[in-house]
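Comments concern the structure below.
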Amino acid sequence: MLRKCLFPVAGYGTRFLPATKAMPKEMLPLVNKPLVQYGVEESIEAGLGEIGFVTGRGKRAIEDHFDTNFELEHQISGTGKEKYLDSVRKVIDEANFSYTRQGEMRGLGDAILQGQRLVGDEPFGVVLADDLCLNDGLGVLGQMVQLYKQFRCSIVAVEEVPREHIHKFGVIAGNEIKPGLHQVTDMVEKPAAEDAPSNLAIIGRYILTPDIFDLIRETPPGKNGEVQITDALLTQAQRGCVLAYNFKGRRFDCGSVDGFIEATNFVYENVYLPKQAELEKK
Ligand code: G1P
């Protein structure tokens, strides 16, 4: 069944330079928690506690974050500050982490293919940590796992975006089989607005069946000379079935400075402050 989730994290984070010169962009704190930890918590909540990172050079801080820091633990044990480590301790207890490297940046499809070493022959999730997805109820990946149990095929998360932003995304066309769920008939990576088959943009959450690996191997470089997961998924849709799910919740584009600030303000008010109030009571 579904147990594993890949996190492609090899990207440079140039939009956040100089902050990301010596620090992975995934470690940028959204208030007091690194961006990537939100995605990892969403994955654990969805039941995917086997976490595989596809990393690159300069990403070691991610490995250290999801590992025990004995000195720090020793320093704060028995003091009032211990509670501040609780959230990451919980993650470390509930998940297992493994790592592989993408030697060359050849696109998201290639990054996922590198993850085959960690995933093997099982269906798996993919989280792009830049897309922060928040929901009051079950998280987006959890919603997709429920759908997977019913349909047993690859699923991409989609959201309606205004035409002027559509060129930044993979875009789908499909037949609506029930409210909010489309069977994909077409998929294009970052089309010009006038060529976009719809306004349904792919968001960084996927459930993929393992036949995707062979399809990625067959996929020639596409948009920007990179091997695109969108292209491999189109082949999968044409030969079998891929679903596009209009998820419940809110998505922030933390790959851009504006989206990151918007997410920071939202998390501060709606997540951090209520949590602090709870901690004060303890
Ligand atoms: C990737 C995918 C794209 C998807 C997007 C979601 O693009 O290639 O299809 O819409 O993630 O965030 P990136 O933003 O990594 O260029």
Side-chain angles (χ1 to χ4, degrees), residues 5-16 20 24-26 28 35-36 38-39 42 53-56 59 102 104-115 125-134 140-141 144 154-174 182 184 186-193 195-208 212 215-216 219-237 242-247 249-260 262-263:
C5 193
L6 284 182
F7 284 68
V9 294
Y12 294 127
T14 40
R15 276 183 272 186
F16 288 89
T20 48
K25 64 171 174 171
E26 295 78 13
L28 289 172
L35 181 55
V36 67
Y38 292 85
E42 184 186 329
F53 285 99
V54 181
T55 72
K59 299 286 178 170
Q102 183 187 23
E104 248 180 280
M105 304 273 282
R106 297 182 56 229
L108 179 57
D110 178 68
I112 292 173
L113 184 57
Q114 303 307 314
V126 175
V127 168
L128 307 184
D130 275 359
D131 283 330
L132 175 73
C133 293
L134 299 173
V140 175
L141 205 59
M144 293 168 75
S154 291
I155 308 170
V156 298
V158 292
E159 151 175 285
E160 289 183 19
V161 308
R163 283 273 159 187
E164 65 267 30
H165 293 305
I166 205 82
H167 65 279
K168 296 187 240 170
F169 299 90
V171 183
I172 70 116
H182 287 79
V184 171
D186 196 11
M187 243 178 182
V188 195
E189 179 66 11
K190 304 199 176 86
D195 301 329
S198 77
N199 63 346
L200 288 173
I202 302 171
I203 296 310
R205 299 290 181 279
Y206 305 76
I207 304 277
L208 301 175
I212 198 71
L215 298 176
I216 299 173
T219 303
K223 189 85 187 181
N224 302 327
E226 296 182 334
V227 178
Q228 299 294 348
I229 190 64
T230 307
D231 296 340
L233 278 164
L234 175 59
T235 311
Q236 201 178 38
V242 173
L243 297 175
Y245 169 58
N246 206 330
F247 58 90
R250 190 157 165 195
R251 172 248 177 198
F252 297 88
D253 172 18
C254 292
S256 77
V257 172
D258 289 350
F260 196 93
E262 199 191 335

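Residue numbers count from 1 along this sequence. Both ligands and their constituent atoms are indexed starting at 1 by order of listing.
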Checklist entry - Of all the non-hydrogen atoms in the protein, which one sits nearest to atom 9 (O) of ligand 1, and at what distance? => result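 Going atom by atom, the protein heavy atom closest to atom 9 (O) of ligand 1 ends up being Glu189 OE1, 2.7 Å.
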Next on the checklist: Tell me the protein heavy atom at minimum distance from atom 5 (C) of ligand 1, and give that distance in Å.
Outcome noted: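 Nearest protein contact, heavy atoms only, for atom 5 (C) of ligand 1 is Ile202 O, 3.9 Å.
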Can you list the ligand 1 atoms lying under 4.0 Å from a non-hydrogen atom of [X]?
X: Gly170; answer: 3 (C), 4 (C), 9 (O), 10 (O)
X: Thr230; answer: 9 (O)
X: Phe169; answer: 10 (O)

Less than 3.5 Å between some nitrogen or oxygen of [X] and one of ligand 1, yes or no?
X: Leu108; answer: no
X: Leu128; answer: no
X: Arg251; answer: no

Item to check | Carboxylate-amine/guanidinium proximity below 4.0 Å for Lys168 and Asp253 | outcome: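 Asp253 and Lys168: not salt-bridged.
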Item to check | Test: Arg250 and Glu262 ion pair at under 4.0 Å | outcome: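 Looking at Glu262 together with Arg250, the answer is yes, because their closest N to O distance falls below 4.0 Å.
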Checklist entry - Should the proximity of Asp131 to ligand 1, defined as any heavy atom under 4.0 Å, be assigned to the side chain, the backbone, both, or neither? => result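 The part of Asp131 near ligand 1 is the side chain, not the backbone.
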Item to check | Which segment of Asp253 sits under 4.0 Å of ligand 1 when only heavy atoms are counted | outcome: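 Answer for Asp253: neither.
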Checklist entry - Heavy-atom distance to atom 7 (O) of ligand 1: which of Gln228, Glu226, Lys190 wins? => result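 Shortest heavy-atom distance from atom 7 (O) of ligand 1: Lys190.
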Checklist entry - Which atoms form the tightest heavy-atom contact between Val171 and Ser198, and what is the distance? => result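 That closest heavy-atom pairing would be CG1-O, 3.3 Å.
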Item to check | Distance-minimising heavy-atom pair for Ile202 and Phe169 | outcome: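 Shortest heavy-atom separation between Ile202 and Phe169 comes out as O-CD2, 3.5 Å.
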Item to check | Non-hydrogen protein atom less than 4.0 angstrom from atom 15 (O) of ligand 1 | outcome: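 Flag for atom 15 (O) of ligand 1 set to false, no protein heavy atom closer than 4.0 Å.
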Checklist entry - If we only count heavy atoms from C-beta on, is the Leu234 to Asp186 side-chain gap below 4.5 Å? => result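 A side-chain contact exists here, since the closest heavy-atom pair is under 4.5 Å.
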Checklist entry - Between Phe260 and Phe16, is the ring centre distance below 6.0 Å? => result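 Aromatic pair counts; centres sit under 6.0 Å.
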Item to check | CD (Glu164) with more than 12 external heavy atoms under 6.0 Å | outcome: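 Above 12, so yes.
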Next on the checklist: Using the side chain to side chain donor-acceptor pair (under 3.5 Å) criterion, which residues pair with Arg106? Sequence neighbours excluded.
Outcome noted: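 Scan of Arg106 (side chain to side chain donor-acceptor pair (under 3.5 Å), adjacent residues dropped) gives Asp110.
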